[in-house]
**Q** 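One structure coming up, written as structure tokens, with questions to follow.
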Amino acid sequence: MTSRFVRLSLATLISATIGLTSIPAMAADPAPAPAPVAASAASPSSAPVSQSDKATEKKLKKQAKKDKQAKKKAEKKAKKKAKKAQAAEAAQ
């Protein structure tokens with residue numbers, strides 16, 4: 001009974017791994033979207049954004065979001081501390 005369960009678990013794990021390996025490949029190689037004609041005619045001087053520029057922009061956005069969340073958390077913590085101090089002062 002145990003060996004059947006082990007074989008079934010192993011088979012499930014292997015099939016799940018095989019099934020999931022194709023997902024990153026599909027995500028990494030998206031189908032190219034057709035470029036709008038009006039936009040390319042309107043700004044012929046602007047070069048298309050390269051993949052590394054997109055990655056850099058994404059990292060910068062992620063870092064900005066992280067900084068914003070840290071600032072918000074610090075403000076919330078300070079507000080909570082001030083409220084706690086005010087309540088302790090009022091109790092005395």
**Q** Sequence neighbours left out, cut at 3.5 Å: what donor-acceptor pairs do the side chains of residues 8-16 make with other protein atoms?
**A**
{"residue": "Ser9", "atom": "OG", "partner": "Phe5", "partner atom": "O", "Å": "2.9"}
{"residue": "Thr12", "atom": "OG1", "partner": "Leu8", "partner atom": "O", "Å": "2.7"}
{"residue": "Ser15", "atom": "OG", "partner": "Ala11", "partner atom": "O", "Å": "2.5"}
{"residue": "Ser15", "atom": "OG", "partner": "Thr12", "partner atom": "O", "Å": "3.4"}

**Q** I'd like a table of donor-acceptor pairs (distance under 3.5 Å, sequence neighbours excluded) in which one partner is a side-chain atom from residues 70-89, with atom names and distances.
**A**
none

**Q** Please output the side-chain donor-acceptor pairs of residues 60-67 that fall under 3.5 Å, not counting sequence neighbours, one pair per line with the distance.
**A**
{"residue": "Gln63", "atom": "NE2", "partner": "Asp67", "partner atom": "OD1", "Å": "3.1"}

